[in-house]
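Remarks on the structure that follows.
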Amino acid sequence: MRPLTRLLGLLACASAAAGTPCRVEVVDQADGWPVPGVELRTVHGVRFVSDNAGLIALDLPELMGKETWFAVHGQGYGVKADGFGYRGVRLTPEPGGKQRVAVERALPARRLGRLTGAGLFAESQKLGERLDWKESGALGSDSVVTAELGGRLLWFWGDTHLAHYPLGIFNVPGAVTEKFAPPERPPLLPPYAYFRTKDGKRPRGVAEVPGDGPTWIWGAVTLPDAQGRPHLVASAVKVKGEMRAYRWDLVEWDPLVEAFRPIDTAWDEATANGAPPVVPDGHAVPWTDQAGRRWILFCNPFPRLRTPATYEGWKDPEKWRPLRPASTAATPSGEHIPVHGGHLAWHPWSRKWLAIFTQKGGKPSFLGEVWLAQADDPEGPWVGARKVLSHDDYTFYNPVLHPEFFRADSPIVHFEGTYTTTFSGNKQPTPRWEYNQVLYQVDLSQPPFAAKK
């Protein structure tokens with residue numbers, strides 16, 4: 001080999017080695033559980049966030065081979081403060097090297113990972129792993145509602161960011177999953193098949209409702225008609241200004257075009273007098289009363305309306321029954337926690353109704369403190385409320401339970417919610433995680449829900 005050719009080859013190899021990231025594994029110090037969504041921040045403001053596999057690819061050439069301080073921010077996970085009050089770790093990254101950051105979980109909820117958005121495995125892919133993971137094209141998605149139809153689970157989100165424009169979809173993107181159970185521990189790989197544009201390049205909206213402004217879907221549920229045929233139905237709200245509703249429609253899923261179609265207008269401020277009536281919004285929860293009559297409760301988080309559990313009963317406002325929802329849930333000490341949005345469901349292991357909700361005006365985050373309460377009846381009283389999740393100057397609103405994941409032989413409860421800076425005043429959104437759905441689990445057989453053995 002000629003000297004010049006050899007020199008160029010050595011330089012190329014050295015350059016490639018210098019550009020190889022250092023693999024950082026973020027784990028729970030108690031059991032090695034990979035922890036997604038933990039941020040490491042350098043002294044000069046560079047931020048890294050662990051992906052759904054709990055991995056970070058450190059690739060800063062100026063830090064390779066140098067002892068480096070990383071502040072640790074984990075939203076429920078962290079490290080102890082040093083003598084100056086700083087919470088962080090010192091690492092010496094090397095090209096192609098490996099480091100481990102052990103964090104302590106401070107709250108009952110364990111983070112499984114992010115359900116929506118881009119780069120769920122971006123750090124892993126920088127390290128040459130999860131290269132077969134395919135991006136959905138959605139960068140950020142607001143609150144979710146789900147419904148089962150034909151043995152599959154349908155997911156519908158609110159306003160959604162696309163790469164080409166903020167809020168690139170504001171008429172309800174959606175996706176389908178076959179039978180889906182989250183893993184016992186990360187990595188979480190949400191198997192969504194999004195409804196897409198005809199060219200297949202982007203997710204699309206599935207709710208075209210007349211009027212200006214965004215469309216949001218609530219209260220999605222599949223109900224039988226008098227002949228036993230299933231109908232997937234929901235309520236669609238049109239909003240404008242400061243999230244002010246100006247129209248409510250009843251909509252039905254058309255499987256031929258895979259989209260919702262309006263079937264009736266429940267209220268329109270242009271033609272009606274006064275505020276909108278109570279409509280089947282929030283989340284649809286099946287319930288059978290003591291007389292054996294089947295109903296659908298519409299909750300957010302507590303029941304506000306019930307309708308017969310039939311397609312005809314849901315369509316007929318004369319058969320709707322408004323309810324007086326509770327506004328608080330009581331802690332074991334008797335403190336009453338004011339509720340914002342949330343969801344409830346029957347949990348077969350605990351044999352209790354469970355409610356997940358965001359505290360209104362909580363601390364340290366105004367809409368980032370999440371509680372789990374229980375009741376013997378869906379209308380309450382709601383007691384035993386315990387905080388399961390907290391945020392440092394961040395929002396986690398519209399949490400949703402996943403009863404489709406509940407099992408009679410398991411104490412595990414799964415829930416998700418919208419992780420966003422909205423309403424928080426925070427000016428530093430978490431890269432890739434901002435304005436997305438994050439999945440957690442809680443074990444009811446462990447403290448604070450069960451006494452220590």
Side-chain angles (χ1 to χ4, degrees), residues 1-29 32 34-75 77-82 84-103 111 113-114 117-135 139-140 161 163 186-187 392 394 421 426-436:
M1 179 181 292
R2 294 179 180 180
L4 179 59
T5 303
R6 184 177 180 182
L7 177 60
L8 291 174
L10 291 172
L11 290 174
C13 290
S15 176
T20 303
C22 178
R23 174 192 178 96
V24 177
E25 300 174 352
V26 183
V27 300
D28 190 321
Q29 69 176 20
V35 184
V38 172
E39 180 180 323
L40 303 186
R41 189 179 303 173
T42 69
V43 172
H44 61 334
V46 181
R47 305 166 70 189
F48 298 89
V49 184
S50 57
D51 66 11
N52 267 21
L55 295 180
I56 289 175
L58 285 179
D59 57 358
L60 297 182
E62 72 270 28
L63 298 183
M64 290 300 169
K66 296 181 176 62
E67 185 180 61
T68 305
W69 172 267
F70 294 91
V72 177
H73 302 266
Q75 304 292 13
Y77 293 83
V79 297
K80 289 182 170 58
D82 65 12
F84 294 98
Y86 293 119
R87 298 180 182 272
V89 295
R90 286 188 179 92
L91 305 176
T92 303
E94 299 285 354
K98 182 177 177 180
Q99 298 281 345
R100 202 169 198 243
V101 175
V103 292
R111 190 153 56 239
R114 189 155 47 95
L120 270 64
F121 293 97
E123 301 299 305
S124 297
Q125 290 173 340
K126 292 177 187 177
L127 296 166
E129 304 174 24
R130 304 283 174 184
L131 298 180
D132 58 345
W133 177 258
K134 298 186 184 303
E135 295 290 332
L139 272 61
H161 294 313
D392 179 15
Y394 229 90
T421 57
N426 192 330
K427 303 300 182 184
Q428 292 187 318
T430 306
R432 292 195 175 98
W433 288 66
E434 165 65 12
Y435 202 54
N436 270 301

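Since this is a predicted model, take the numbers as computed values, not measurements.
When the side chain to side chain donor-acceptor pair (under 3.5 Å) test is applied to Asn52, no partner is found at least two apart in sequence or on another chain. Under the salt bridge (Lys or Arg N to Asp or Glu O under 4.0 Å) criterion, Arg100 pairs with no residue at all, not counting sequence neighbours. Residues that satisfy the side-chain contact (heavy atoms from CB on, under 4.5 Å) test with Gln99, not counting sequence neighbours, are Cys22, Val24, Leu91. Shown here are the side-chain contact (heavy atoms from CB on, under 4.5 Å) partners of Asp82, two or more places apart in sequence or in another chain: Trp69, Phe84, Tyr86. Partners of Glu129 under the side chain to side chain donor-acceptor pair (under 3.5 Å) rule, at least two apart in sequence or in another chain, are Arg23. For the side chain to side chain donor-acceptor pair (under 3.5 Å) test, no residue two or more places apart in sequence or in another chain qualifies with Thr92. For Ala118, the side-chain contact (heavy atoms from CB on, under 4.5 Å) partners are Glu135, Leu139, not counting sequence neighbours. For Pro34, the side-chain contact (heavy atoms from CB on, under 4.5 Å) test picks out Arg185, Pro186, with sequence neighbours left out. The salt bridge (Lys or Arg N to Asp or Glu O under 4.0 Å) search around Lys98 returns Glu25, not counting sequence neighbours. For the ring-ring contact (aromatic ring centres under 6.0 Å, His included) test, no residue two or more places apart in sequence or in another chain qualifies with Phe70. Not counting sequence neighbours, Lys134 has no partner by the salt bridge (Lys or Arg N to Asp or Glu O under 4.0 Å) test. For His161, the ring-ring contact (aromatic ring centres under 6.0 Å, His included) partners two or more places apart in sequence, or in a different chain, are Tyr435.
Judged purely by distance below 3.5 Å, without hydrogens or angles, the side chains of Tyr77 and Gln29 never pair a donor atom with an acceptor atom.
No donor-acceptor pair under 3.5 Å is formed between the side chain of Thr421 and the backbone N or O of Pro429. In this structure a side-chain-to-backbone donor-acceptor pair under 3.5 Å is present from Gln125 to Arg130. Under the 3.5 Å distance criterion, the side-chain polar atoms of Asp51 are matched with a main-chain donor or acceptor of Glu123.
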